[in-house]
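To find a chain, count down the sequence lines: A is the first, B the second, and so on, and within it residues start at 1.
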Amino acid sequence: MGETANIRRIRYLLIALVALYLIGPTLVVIWLSFSTDEVLRFPPHLFSWRWYEVFLFDERWNEAVRRSLLVGSLATFLATIIGSVAAFGTARTRLPGKQIVEIFAIAPLVVPPIILATGGYSLFAKLDMIGSNIGLAIMHTVLGVPYVYLIVSSALARTDPSIELAALSLGANRWRTIRDVSIPANLPAIITGALFAFLISFDEVVVTVFLSGSLAPTLPVRVFSSLSLAVSPVVAAVSTVQIIIAIVLMCLVGFLQRWQRRWAEAVAH
Amino acid sequence: MGETANIRRIRYLLIALVALYLIGPTLVVIWLSFSTDEVLRFPPHLFSWRWYEVFLFDERWNEAVRRSLLVGSLATFLATIIGSVAAFGTARTRLPGKQIVEIFAIAPLVVPPIILATGGYSLFAKLDMIGSNIGLAIMHTVLGVPYVYLIVSSALARTDPSIELAALSLGANRWRTIRDVSIPANLPAIITGALFAFLISFDEVVVTVFLSGSLAPTLPVRVFSSLSLAVSPVVAAVSTVQIIIAIVLMCLVGFLQRWQRRWAEAVAH
Amino acid sequence: MSAHLGSITGSRVQMRNLTKEYGIVRAVDNVSLDIEPGEFISLLGPSGSGKTTALMMLAGFERTTSGTIHIGEQDVTLVPPFARGIGMVFQSYALFPHMSVYDNISYPLKLRRMSKLEIDERVRRAMDMVKLPPDKFANRLPQQLSGGQRQRVALVRALIYEPHVLLMDEPMGALDKNLREELKLELLSLQERLRLTIVYVTHDQGEALMLSNRAAVMRDGRIEQVANPEALYRRPQTEFVANFLGEANLVPVEQSSEREFTLPDGQVVRSSPDISVDPSQSYLLLLRPEEIEVCAEAEAMLRGRIQSTVYLGSSIRIDVDTPIGVLTVVAKPNQSRRFERNQIVGLRFATGDAVLVPKEARAG
Amino acid sequence: MSAHLGSITGSRVQMRNLTKEYGIVRAVDNVSLDIEPGEFISLLGPSGSGKTTALMMLAGFERTTSGTIHIGEQDVTLVPPFARGIGMVFQSYALFPHMSVYDNISYPLKLRRMSKLEIDERVRRAMDMVKLPPDKFANRLPQQLSGGQRQRVALVRALIYEPHVLLMDEPMGALDKNLREELKLELLSLQERLRLTIVYVTHDQGEALMLSNRAAVMRDGRIEQVANPEALYRRPQTEFVANFLGEANLVPVEQSSEREFTLPDGQVVRSSPDISVDPSQSYLLLLRPEEIEVCAEAEAMLRGRIQSTVYLGSSIRIDVDTPIGVLTVVAKPNQSRRFERNQIVGLRFATGDAVLVPKEARAG
């Protein structure tokens, strides 16, 4: 109110600088991916699609993509079920010990990944499951549960809790109430949670490094190892693909959230 | 309603199993840290404090702790300021382009860490800042901003927006309003955000591996390297210390959140 | 909502010694109430009086701690909500946000495995009845409706499967004033046609007086009085009921003979013969503001000084300081007569058939 | 709040051609209003009528698109809120959650660099005045107070630095009914003592009638009518004002001579001489429900059939279908006289000094 145009210009400049800083590293990666150089160096010589070709036609990269998708799907499936059930349990029932359920559901978010790596490695080494997709998916599930839990919980906090009572009063038994009302009325949030769980699995490095063993690693771990060894611009191309996937999923999330929020407006107040 | 005691017992058993699964790996690490064995193996022979002694008196571990604290403090300071300013900007002003600020502030949460590692490495290699504490702190700041932003934003959504107008009407200028009302009325959330930013920096591995260069690594990176080389139970001891720090910080967070929530109740209705 | 719904007649509902405890708190405390078939009964009380908890037990959403509930001939105390054959309208309306208006209304019929054809016919007819033409509204989502439209959808959805009891939990709470008046009249005419048994929870005494055949005034989990609106307003049995239903002047009186009571200024009023008086109890005389008339000083029973006047449009509220206490009087505004502060005015009221209310013992 | 605050007298407030546009929406459209020193004025209107936006511009929280604001002699149009010397009470009270009651109230004094001693004396006295004894309340946090107590703290905080204008944004909105009545009376007596200029925003016509010296009825960003409560209620100048302030029967009439108008049934009413009539305009006769009397058929001006009756406790609302339309009548309940549906009753009302309201042109 009353500030001059100059102050406003400086303010916008500052915002732009901070914004650039926050996404700068990402932009650098995208830039690098079109490099013509043989090694990763900054600033790159432009412009070529060659590293995308390498990524697309190299069998080792393809295998990494397949493994990422397989593990990611399994982990997403499990995390979505566990996280959603926990969210409904704490938001809609009167079980004692809700707070404890909440703590367990959020815990993996706070536990340092290096600890999950250490613990998971020790456990699965004993079970001879190092390198198994199942073992990896189980650990990724642990990482995904808190996201599903938090997203579904916050949607439930905004959804009218009496819609389930209404279904019961209209003659639906418990199972039909869950099937016809509880799940569909919160579907956008459940899908959002699932997308996050997938993204977590798809991006995770630390735990995966230890659990993938000698078998083909997932995509990000392959990037990680490539970086440690020969720093080839193909990792920039792979990373760019990962960024694009993340952006697409987040646009989907934005759409789903608007959908869920509009549903929440159906409540009288 | 009408279920028998048996069904309820089965339900509790299921909850307990899932809970154990979610925090199982963490418990394993704590268990391992008291091993008497020379190498990490499961189940361990118990009981000894020797690995804690190694951690406490080994200069290389001590150096890692110092570096973690230094980088963490710097990153926390920067992330708290940037995240809080962005949160206030989007929640309490009418600047156009709020949504864009929001997207930039949350972006680092969604960008795969491996990309931040690639981008950051390329950038800082050029600037000859690989191994510098400043460079590392800058990258950790990027990782911490979204947490501060989300936590402070959600507190602001619950705080009465008219308290700032009230301060202005009572005669406080803009600066005094920020100092006397905006900041203190949201202090618990700002501190919570800072704690999260610190924890993120204190736990981060992927980005740090690439940016710490040949100098002493931070604590989790040292654990990571130790695991890759000789798997000694000292890493379990270090991890246990990390877990304890995380738990203490989270208890603090729980306390701060209750505090902020009680303040939100001061709003009419 | 006629045609198919025309044949409904409500069931009898009986609550017997109903109690609900949460830990050490008794939300509902030994409530018994017989509701006649086709009766519109309100549970009226301030928040925390247990009215909503009682309704939740009727619906089956809350287990009873003790006591029984009968709907019709059946003991439903342990029957789950979906098998009680009730309809319910929630304060938030509880429309399914992911279903269109049509799907919301047809949901209970689908659960009852009706044919598509019959469902379609019924839903369309019902929507027409409540002035939501199917062509326009069938495919809308609840969030695309106004408050009043949502309320009507919720009502139709709760009635389309012809339940014999309709439970309503403050259904007007979220509507603005004009809409509320309109829907109250609609609800009255609906009930007149269908002769449903309606249990209506509200904290608004005006709503309860206007809508119900009888109202049960609740306080601290117990029923204070059950009666028709006029009896509640004119012959409350407790001080709480007298104060809760509209404004009340309560003047302390002393019993002088069996039916005669003395006011603080020595005047005598005769109690209504149908009120039985306990000699060990202190009583208060109830004077509703509109029962006191402002008159010329010569004709007055009482004189007093005006403490404050408040203009309310259709009436003027005057507080008059009299020898028997400060009395609130409601007078019609009148161009020729003005009321000013500190003016001395005369008051009079009928002294026969006085309504006496037992004085409440207060702690301290 | 006397002593130190005793000397306050309000400033004049003037709004001149005030307009606020948000994009293409005009929230406030060319509003001019002169508020006298010491006047209690309400901005009354439904939500979206621009009343809150107008208040926000007065407070300085919203920039004006065009027009000027004067407080006292000063043009404050471009003055930031903290330098306008106003007090404001928000709907949410806007107490600082991290400060005790004492710190909240003393904050404006601290900003004014008063000595600790003087602050302490003033705050304690002010707290005593609004019945919040400092011993008990000084160290409480806002969330430890009840709604009414919070409201009082907000009021004291806005008054302790003796602003000459007090702005209030629906300050009763969050309180329950009984508390509201009590605080309205407190506010009236406060204003009487301090002679503050008060601008009070509300959507509740009862509040506006009860509290204000004058009220400005707003609609779609414009002022429809500014007048004292009685004039607004009895002589509304537009159909909207007639309907917004209480219930209104509006009967179409035809002009037959300069001051005479014919009702649909042929009867003639004479308009009040202070109403100027535009011959090209259609008019409606305003009959407030309490101005119509139910009487014996012999004495009646009109006969009609009762459509519905609603018992409201202190009165009965009757809708009567008459040759001039359905009229709503409010009658006193009477033991000897009962009103039933379909009964034929006689009605009468005064035909002199009739209030006529221009009929609104409606689109479509």
Heavy-atom pairs under 4.5 Å with chain A: which of B/Ile30, B/Ile114, B/Val29 has the most?
B/Ile114
Heavy-atom count around B/Ile100 CD1 within 6.0 Å, excluding the residue itself: above 12?
no
Here's a test for you: under side chain to side chain contact (heavy atoms under 4.5 Å, CB included), which of A/Val110, A/Ile106, A/Leu109 qualifies with B/Met250?
A/Val110
Is [X] in contact with chain A via its backbone, its side chain, both, or neither, using a 4.5 Å heavy-atom distance?
X        : result
B/Ala246 : both
B/Ile115 : both
B/Thr141 : both
B/Val145 : side chain

Once side-chain contact (heavy atoms from CB on, under 4.5 Å) is applied, do any residues pair with A/Ile103, and if so which ones, sequence neighbours excluded?
none
Run the side-chain contact (heavy atoms from CB on, under 4.5 Å) test against A/Ile134 and tell me which residues pass, sequence neighbours left out.
A/Leu74, A/Met129, A/Ser132, A/Ile138
Please look at A/Val142 and chain B and tell me whether the side chain, the backbone, both or neither of the residue comes under 4.5 angstrom of a heavy atom of that chain.
both
So for A/Ile243, is it side chain, backbone, both, or neither that comes closer than 4.5 Å to the heavy atoms of chain B?
both
Between [X] and [Y], which heavy-atom pair has the shortest distance, and what is it?
X        : Y        : value
B/Gly119 : A/Val28  : O-CG1, 4.0 Å
B/Ser239 : A/Thr118 : OG-OG1, 3.9 Å
A/Phe224 : B/Val209 : CZ-CG1, 4.1 Å

Test of understanding: with side-chain hydrogen bond (donor to acceptor under 3.5 Å, both in side chains), list the residues that count as partners of B/Arg92, not counting sequence neighbours.
B/Glu164
Neighbourhood of chain A inside residues 198-205 of chain B, taking heavy atoms under 4.5 Å as contact:
B/Leu199, B/Asp203, B/Val205
